[in-house]
Amino acid sequence: MVYVMLTREEEAMLNGEMGEGVRRAMEIIVALGKIYNASGLVKIESAHISGVSYKNLGDEGLEFLEEFASMGVKTMVEATLNPAGMDMELWEELGFSREFAEKQIRIVKAYEKMGVKTTCTCTPYLVENKPKFGQHIAWGESSAIIYANSILGARTNRESGISALASAITGRTAKYGLHLDENRLADYVIKVKCNVKGISDFGALGYLIGKRVGNKVPYITGIETADLDELKSLGASMAASGAVGLFHMENITPEAKIKKIVKDGAEEIEIEDLREAYEALNYDAREIDVVSIGCPHASIDEIGKVANMIKGRKINSQLWITTSRKVYDEAKRRGLLDIINEAGGKVIRDTCMVVAPIEELGFKTLATNSAKMATLAPLHSKVKVRFGSLEDCIKAAISGVWNDN
Ligand code: F3S
């Protein structure tokens with residue numbers, strides 16, 4: 001029988017001495033520890049909780065959260081929330097139904113009652129939950145997990161919404177997987193032999209790597225420079241096409257800079273061309289209903305680029321730029337929202353085109369510069385997708401059609 005070593009405080013939590021809600025949360029953590037052969041638990045600095053949209057949770061998820069919140073449990077560490085199914089303020093204006101909105105608001109309130117910050121963003125690291133190198137955390141949301149592990153050098157497994165919530169309540173996670181040094185070494189060396197430039201190219205590269213390495217750790221060589229938006233796109237698509245939780249990049253990511261990070265005998269893969277990804281992620285759609293920018297949620301730089309490109313123009317399809325509240329406020333302060341609104345675009349908070357019920361809004365075709373969005377939207381939102389550069393997407397927003405040339 002697998003034995004997970006607990007401290008006296010952890011035993012007390014498991015025995016219900018700190019209340020029924022804490023007992024249930026600790027039970028989840030210990031069960032995971034047993035499944036993954038963890039020798040014990042580790043204290044965490046923060047949690048990020050996925051599983052927020054009513055579209056994904058349904059009534060069962062809503063009832064579970066309200067029941068849990070009614071037990072009086074409170075988070076022990078900083079805890080932030082992933083995107084919900086709608087903009088929490090503009091939902092009516094955007095066409096979301098009252099029935100959906102009421103249930104979505106109840107879900108967010110249940111999290112709030114437990115002490116979770118209702119940030120509703122998949123880029124908590126851009127706003128207020130930015131872990132430091134070496135810190136143990138328990139995060140849900142695959143794009144945020146891979147960013148925290150790879151770019152920040154923090155340590156988290158790919159948590160589910162419920163396990164991240166249990167960790168937020170107990171302040172602990174089971175010590176296994178990516179919390180341990182030996183599991184952070186690369187299994188594959190990826191030699192990139194082609195030009196990679198811009199968010200869509202980095203997403204295309206991530207798509208190809210994720211497909212090849214599954215849930216293993218890749219070490220990427222051949223990239224000379226990459227900005228943070230490109231790295232967040234790379235990681236997000238790798239985590240979506242595969243199940244990668246951590247990557248390293250020569251001279252760029254922090255762990256690769258300080259020690260030998262590749263396992264002996266690691267397999268080598270060469271990537272010479274990104275076309276395979278662009279072909280796999282493009283459907284046959286010409287008229288574009290909506291252009292989606294901001295997956296993962298847009299940074300202020302991305303919003304600035306879009307504003308520059310559409311300044312003084314009028315768009316013909318819908319243009320949704322999804323982002324966090326803090327970045328939205330900053331974009332407003334800099335006058336970027338006015339430029340985008342005048343062109344007919346929208347900057348939307350709290351949600352995205354995958355977790356929002358966009359089928360109900362009548363969108364059938366979508367263009368995006370995000371390989372993660374292009375991978376998931378056909379499955380989750382039943383839309384035909386065109387995937388290309390930011391320039392291609394803005395041209396499509398202005399003309400209303402996708403141009404292959
Ligand atoms: Fe974020 Fe939605 Fe993309 S949660 S990573 S914008 S699919």
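Here, residue 1 is the first one in the sequence, and each next residue gets the next number. Whatever order the structure lists them in is the order used to number ligands and atoms, beginning at 1.
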> ring-ring contact (aromatic ring centres under 6.0 Å, His included) between Tyr188 and Tyr219: does it pass, once the steps are laid out?
Replying inline: CA-CA 6 Å; Tyr188 286 88; Tyr219 173 70; over 10 Å; no
> If you take all heavy atoms of Ile252 and Lys257, which pair is closest and at what distance?
Replying inline: O-CE, 3.6 Å
> Say you draw a straight line from CD1 of Ile169 to CZ of Phe68; how long is it, rounded to the nearest 0.5 Å?
Replying inline: 4.0 Å
> If you measure from the Lys or Arg side-chain nitrogens to the Asp or Glu carboxylate oxygens, is any gap between Lys305 and Glu302 under 4.0 Å?
Replying inline: no
> Does a salt bridge link Arg23 with Glu27, judged by any charged N lying under 4.0 Å from a carboxylate O?
Replying inline: yes
> Taking Val108 as the fixed residue, which of Leu65, Thr118, Asp350 is the one that meets the side-chain contact (heavy atoms from CB on, under 4.5 Å) rule?
Replying inline: Thr118
> Can you find a side-chain donor-acceptor pair between Ser167 and Glu159 that sits under 3.5 Å?
Replying inline: no
> Ignoring water, what protein N, O or S atoms are under 2.8 Å from atom 2 (Fe) of ligand 1?
Replying inline: Cys352 SG
>> Looking at ligand 1, is there an atom of it that comes within less than 4.0 Å of some heavy atom belonging to Gly294?
In response: yes
> What atoms of ligand 1 come within less than 4.0 Å of a heavy atom belonging to Glu141?
Replying inline: 4 (S), 5 (S)
